[in-house]
Protein chains: 2
Amino acid sequence: MAELGALLGDPARANMLAALMDGRALPAGELAYVARVTPQTASGHLAKLTDANLLALEKRGRHRYFRLASPLVASMVESIMAVAAIQLPARRAPVSYMDDRMRTARTCYDHTAGRLGVGIADAMAACGYVVFGEDGAAITETGTGFLADFGIARDVGRRSRRSFCRPCLDWSERRPHIAGIVGAAILDRCLELGWVEKSKDTRALAITPAGARGLDKTFGIQFSSTTLPTLRRIASVANAAGASSNLNTSRTSGRNAPVR
Amino acid sequence: MAELGALLGDPARANMLAALMDGRALPAGELAYVARVTPQTASGHLAKLTDANLLALEKRGRHRYFRLASPLVASMVESIMAVAAIQLPARRAPVSYMDDRMRTARTCYDHTAGRLGVGIADAMAACGYVVFGEDGAAITETGTGFLADFGIARDVGRRSRRSFCRPCLDWSERRPHIAGIVGAAILDRCLELGWVEKSKDTRALAITPAGARGLDKTFGIQFSSTTLPTLRRIASVANAAGASSNLNTSRTSGRNAPVR
DNA sequence: GGATCGCTTCGGCCGCGGCCGAAGCGATCT
DNA sequence: AGATCGCTTCGGCCGCGGCCGAAGCGATCC
C-alpha cells in the first residue's frame, strides 16, 4: 500500500491520473503536457504507473496511448480526490486551479459532475426522487417515474452487475452527485437530447443553449450564457423546482419515498 | 491529491493507517511500534497525518490517542488496499507479512473480513441470499428471511443513512465480503453469540470452539482447531451448505432472487 | 519532591527519487 | 532514402524528506 501511495504522491503522476479519470486514453505527449514535465520525465512516470498496473498501454502507430487500467483504479483515485477536497482545504484553500468550465460541468468517469451534476442531484433529492445515505443512494418509486418521463427506460441496467445508483462525492462542489447506472443514463440522455456536448480533449461538458433551457425547465438549474454566476444552491433550487415545470408533480418534501 | 498521496506513500504512515482501520484509537507509542520506527520519528508522521485531517487526536492523561478522522478516510484507505491487493501481486507476490490469524478472521472497520468474511459472503451468495454487482450488492428476499433466522432483525438499520449492504474487497482473500449495515449486523451477531472475540490490540478476530461449530452449521465454513488448513472455496462451500443445515431451506442456485 | 514515563522538538546525516540534456530507436511521411 | 516525429533510455545533478540521538516538557507515580 505504501508503494501505491508513493506512486500517487507525485504531483506529475497525480495530474496524469486526474486527466485520465474520464476513462479516455491519452498519448504520452499529452500526459507530459498536463503533468507539466518534459516527455522524458513523463515517460519515466508512465512506465512506473504501467508497471504497477494502474495504467494500461495501447500502442497505435508511433503513439502510445495510456488509460486507467480498471474501474477499480478510477474509484480509488476518486475516493482520494474526495478526501482531498474535504480534508485539506483548511490548510490549502488558496484556489484550485481547476478551470471554470470544468467546475461548471464535466464527466466523472461516465456520469456528470460539477455544478451540473450536483445541481441534478440536489433537485432530485429535494423532490424526493432520490435519497442519499452515508455510503449509498437509491431512486424512490416516484423517482423512477420521473426518470421515465425524462426518457430513461424503467428497466435500464436491470441486468447489469453495476451499482444501480450510488453517490459520488464531487471534489469541486464538495457535495454528492449521482453515479452508477442511473448517473450514466442521465448523462447519456443529456447527450442524446443535445443538452450537453463532450469536449474532445478535456472532461469538460459544454452546455448548449437548448441544454440551458431544458436543464432549467426540468431540474431548475440555471446557467447563464457564457460565464456563469453562482448556481442557486439547494434551498433555492428546491423552491425554484416547485415553481417551474416537471419536478412539481406530486411534490413531496424530504426523504420519505411516496408511492406513485 | 498529490499531497495526500505522498502522505500515504510512506511505509511507516501506511502501517499506522492500516492499524487504525478498525476504528479504534491507539496511543502514539503503539503506532510507533506497528510502524517499526522510533517514537520521535512516529511523532513526526503523526503530526503530518493529523495536520492533513486524516487522523483525529484525543488526549488522555499523558497519552495521546489517534484514530481515523472519518469514515471517508477509512473508505479511501480501503479502496487503496483493494487496488494494492489486486494490482501489485504480479510484481511483488513474495508473501505478505500479514499474520495467519489476521488472514483467518479480522474486523474491517466494523464488519468481518478475511477467510471468515469471504466465507460468509460466498455461502450466502451461493444460496442466493445476497447478490454482488460490480460496485454494489443487495440482500434478496430469501436472504432477509435467512438473516432473520440468524437473529438479525428485519428492520435493522432501516432508518440509517448508511448503505444497507455493500461489497468490500478483501485484500487478503482478493474477493468481496459483505459490508454496510448488514455486514456490521453480522459481526455484531457473531460477537453476541460468542462465536468470535475481538482481540485487544489487533484487528484479528478469534474464533471460539462454539463459533467453529456454529459457523460450520450455519454457513458451511470450517475452521480447524488452531492453525487452519485452506478453507474450502466457493464451489465446495456451496455444496457443503446444501448438505448441512440452515442454508438449504429453499435452496436455489445462483443469482435469481426467489420469492419467499 | 524526585523519578519515571509518554511524547515532542531540534539538528544533522544520508539516500531515494524527480528532473532535464543528450542520445537512441522505431514508425511515418515525402 | 532521408527527414521528422513520438517516445524511451542513459547519466548526472540536486533537493526533499525520512531517520535517529539528544534534549525538553508536561503528566503521573510514589
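Predicted model only: the values in this text are computed from it and were never measured. Residue numbers begin at 1 in each chain, while the letters A, B, ... track the order of the sequences.
For the side chain to side chain donor-acceptor pair (under 3.5 Å) test, no residue two or more places apart in sequence or in another chain qualifies with B:R64. The side chain to side chain donor-acceptor pair (under 3.5 Å) test applied to A:T41 returns A:T38, not counting sequence neighbours. Qualifying salt bridge (Lys or Arg N to Asp or Glu O under 4.0 Å) partners for A:E197, counting only residues two or more places apart in sequence or in other chains: none.
Nearest-nucleotide mapping onto DNA chain C: of B:G44 and A:A6, the residue sitting toward the 5' end is B:G44.
Counting only Watson-Crick and G-U wobble pairs whose two distances sit under 3.5 Å, DNA chain D takes part in these stems of three or more pairs: C:1-30 with D:1-30.
Within a 6.0 Å sphere centred on OH of A:Y33, heavy atoms belonging to other residues, nucleotides or ligands number 12 at most.
To the nearest 0.5 angstrom, A:I221 atom CD1 is 8.0 Å from A:D122 atom CG. Interatomic distance, CD1 of B:I186 versus SG of B:C165, reported as 8.0 Å (0.5 Å rounding).
Looking only at distances, a side-chain donor or acceptor of A:T208 sits under 3.5 Å from a matching main-chain atom of A:W195.
Among pairs with a residue in residues 9-21 of chain A, none fulfils salt bridge (Lys or Arg N to Asp or Glu O under 4.0 Å), at least two apart in sequence or across chains.
For DNA chain D, the outermost nucleotides in 5' to 3' order that have an atom under 4.0 Å from a heavy atom of chain B are D:dG18 to D:dT28.
Counting any heavy atom pair closer than 4.0 Å across all strands shown, B:R13 reaches sugar-phosphate atoms only and no base atom.
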